[in-house]
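Notes to accompany the following structure.
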Amino acid sequence: MLARRARLTTISSGSTDLKRSAGREAMEATTEPRTLSDGITAKINAFVERRDGLKAANRYFYLQPIAGQTNHRVPMADGRDMVMLASYSYLGLIGHPRIDAAAHEAIETYGTGAGGVRLLTGTMDLHERLERRLAEFSHREDACVYSSGYVTNIAIITGLMGPGDLVVMDKLDHASIVDGCLLSGSKWKTYRHNDMDHLEKILSDAENEYNTILVVADSVFSMDGDVMDLPRVRELCDRYGARLMVDEAHSIGSLGATGHGIEEHFDMIGSIDLKMGTLSKSIPSVGGYLAARHDIVDYQRHMSRPFIFSAALPPAQTAAAIAALDVIEEEPWRVKQLHDVTARYSEGLKAQGWDTMRSTTCVVPVMVGDEAKTMDLTRMLFDRGIFVCPIVHPAVPRGTDRLRTCLMATHTTEDIDQVLDAFSVAGKALGLI
Ligand code: PMP
C-alpha cells in the first residue's frame, strides 16, 4: 500500500515534487500502524492475559467504582452499600465537617492550585502553617511537606544518601523506600523482617565501610499489620553509628494512646532521627512530610529534588491536613474506638479459626496461603457486601496470599457483626476454617 502510494505521487514529478513526496512518504510510514514484537509487547500481552483471565473467572476486584464518600460504609457506583474493610482512613475522617469546611474556605481564599514549586513561585502561609503544625504534632523542630508520601520517601533518601553510603532496610519496607535507594545511587541491603540479629549482623559488617549508614523501617507494616521493634532498632543504630528513619504512614492516628504514632506507642518520644509520614491515610488529604531537626529539614527544602522540581500542595488539601491534625488531637475518642473495634474484630476472626499473622494493629491480614482460594474468598465476601482487598503474589511471597483488612474508628458493632458472619459462612464453604 505504501509503495503504491509513493509510486503514484512520483510518476509526474520534477525534483521538488520528488522531495515533497519523499517527505509525505516518511510521514505516512510513521502513521501506519506497525506491530512491534519486543519486551513491551511481551509485558502487555502477559498482563492482558492475566487481567482477562481474572475477569473471565469473576476474580477481578481492582479499580472498583465508588460513587460517594468512603467511610465505614461505602456507596458503590452500582448502587450497593458495602462495609468498607480496605480503607486507610483509619480514623474515619473523610467528610468530617470541620475538615471539609477548612478545605472550602481555602479554595475561596486561594483558589484551587499553588501555581508551581514553593521555592520559586511562593510559599503560601498555609504551607508554613501546615509545616509548623506537623512539627508540633511530631515533637520535632521542623517539618517539610511534599506532594505525596511516595515522593517523600524518595526525596529523603535521594536528598541525604548517595554513592559511598548504605541504606539498611526491613525486607517488608514500602516500595517507595526501595525506589529512593535505587535513585540515590547508594548501596542498600535488606534484613529479614523484624529480625534484629540479622540487622545487627549487617550493621557490624558495614561498620567503617561507608560514609553514612541509614536504617529505614516502616512503623506498621502494611501487609502484615505488625509493628517495628523501635527500642532494639534504636539501640543498634546507636551501637553502630547509624541514623534512623521511620515511615509512619500507617501509625499516625492508629498507634499510641492518642494516635501520635510509634514513638508514643513505645514511650520513646524523640528517638527517631528522620520521621516520615503521609497526609493520605488517617489524615484525609494528600501529601507527605519529613519531620526532623530544623537544619536537616531546611536542607531538604532547598536541596531535595522533589521539593525543587514538583508543584506545591494545593490550598484545599493543605488546609484539610491542618484541620485533620487538630481534629485528631481534639477527638482522642476516635483512636480509642479504633483500638476497641480492632480488638473485637481480631478476636472474632481468631475465634472462628482464622490466622491473622502477627498483627497487633488495625491492619489485619487474613492468611489464606493460596491465590485461587484468596480470590474465591474475596468474591464471597464481596457478594455479602464486604469491600475487601486480596493480596497475592507478587505483592507477597507465593503461598502467603491473603486478604488485607483494615479497621476504622467509625465501624459499628453491626458492621463488625456483618463482616464476621460473612467470614464465617465463606470460610466454611471454602474449607478454610
Ligand atoms: N509508605 C507506606 C508504608 C505506605 O503504605 C504508603 C502508601 N501505601 C506510602 C509510603 C506512600 O504514601 P502516599 O500514598 O501518600 O504516596
Side-chain angles (χ1 to χ4, degrees), residues 85-93 137-139 148-150 152-153 156 169-178 190-196 199 215-234 244-269 271-272 274-284 288-291 324 328 334-343 345-346 349 356-367 389 391 395-396 400 402-409 411:
L85 215 58
S87 169
Y88 300 138
S89 179
Y90 302 119
L91 296 178
L93 291 180
F137 190 92
S138 311
H139 302 285
S148 75
Y150 183 96
T152 304
N153 274 332
I156 299 171
M169 68 175 88
D170 189 289
K171 181 107 175 56
L172 297 189
D173 275 0
H174 191 257
S176 51
I177 295 170
V178 177
T190 54
Y191 57 94
R192 286 186 294 276
H193 178 50
N194 256 344
D195 183 336
M196 294 300 108
L199 172 59
V215 175
V216 189
D218 290 8
S219 48
V220 170
F221 292 91
S222 61
M223 298 291 168
D224 290 35
D226 55 350
V227 174
M228 75 172 283
D229 186 348
L230 179 59
R232 285 279 288 138
V233 175
R234 179 69 262 176
L244 174 60
M245 168 177 165
V246 175
D247 178 332
E248 291 239 66
H250 296 274
S251 51
I252 296 303
S254 75
L255 270 194
T258 62
H260 282 66
I262 187 116
E263 290 186 333
E264 183 186 22
H265 176 76
F266 283 110
D267 196 13
M268 290 178 64
I269 302 289
S271 59
I272 296 168
L274 306 166
K275 284 182 106 176
M276 172 275 168
T278 169
L279 305 176
S280 67
K281 300 193 192 312
S282 287
I283 297 166
Y289 62 91
L290 162 68
I328 292 174
R334 287 180 182 270
V335 181
K336 161 108 181 48
Q337 203 152 299
L338 176 65
H339 294 168
D340 291 348
V341 166
T342 301
Y345 169 75
S346 300
L349 279 181
T356 57
M357 303 177 68
R358 289 162 298 210
S359 168
T360 52
T361 67
C362 58
V363 177
V364 183
V366 182
M367 176 55 75
C389 174
I391 310 281
V396 289
T400 68
R402 67 196 72 167
L403 300 187
R404 187 219 354 232
T405 60
C406 300
L407 283 305
M408 297 167 78
H411 277 129

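Computation of the quantities below employed the complete heavy-atom set of this structure, encompassing side-chain atoms and omitting hydrogens, waters and symmetry-equivalent molecules. Quick note: residue numbers are just sequence positions, from 1. Keep in mind it's a predicted model, so treat the numbers as computed, not measured.
With sequence neighbours excluded, no residue forms a side chain to side chain donor-acceptor pair (under 3.5 Å) with Asn194. The salt bridge (Lys or Arg N to Asp or Glu O under 4.0 Å) search around Arg232 returns Glu235, not counting sequence neighbours. For Pro365, the side chain to side chain contact (heavy atoms under 4.5 Å, CB included) partners two or more places apart in sequence, or in a different chain, are Met357, Ser359, Arg402. Residues that satisfy the ring-ring contact (aromatic ring centres under 6.0 Å, His included) test with Phe221, not counting sequence neighbours, are His193. Partners of Lys171 according to the side chain to side chain donor-acceptor pair (under 3.5 Å) rule, which considers only residues two or more places apart in sequence or in another chain, do not exist here. Every residue two or more places apart in sequence or in another chain was checked for a salt bridge (Lys or Arg N to Asp or Glu O under 4.0 Å) with Asp229, and none qualifies. A search for side chain to side chain contact (heavy atoms under 4.5 Å, CB included) contacts involving Thr258 returns His260, Glu264, not counting sequence neighbours. Among residues two or more places apart in sequence or in another chain, the side chain to side chain donor-acceptor pair (under 3.5 Å) test is passed with Arg234 by Asp238, Asp273. In this view, Ser138 and Arg140, Lys275, Tyr289, Ala291 satisfy the side chain to side chain contact (heavy atoms under 4.5 Å, CB included) rule, not counting sequence neighbours. In this view, Asp195 and Arg192 satisfy the side chain to side chain donor-acceptor pair (under 3.5 Å) rule, not counting sequence neighbours. Under the rule for a side chain to side chain contact (heavy atoms under 4.5 Å, CB included), the partners of Val220 that lie at least two apart in sequence or sit in another chain are Val227, His250, Ser251, Leu255, Thr361, Val363.
Residues Lys281 and Ile252 fail the side-chain proximity criterion, which asks for heavy atoms closer than 4.5 Å.
Although no hydrogens or angles enter the test, the distance criterion places a donor-acceptor pair under 3.5 Å between the side chain of His411 and the main chain of Met408. With hydrogens and angles ignored, the 3.5 Å screen pairs a side-chain donor or acceptor of Glu263 with a backbone N or O of Ser271.
Of all heavy-atom pairs between Asp224 and Arg358, the closest is OD2-NH2, 3.3 Å.
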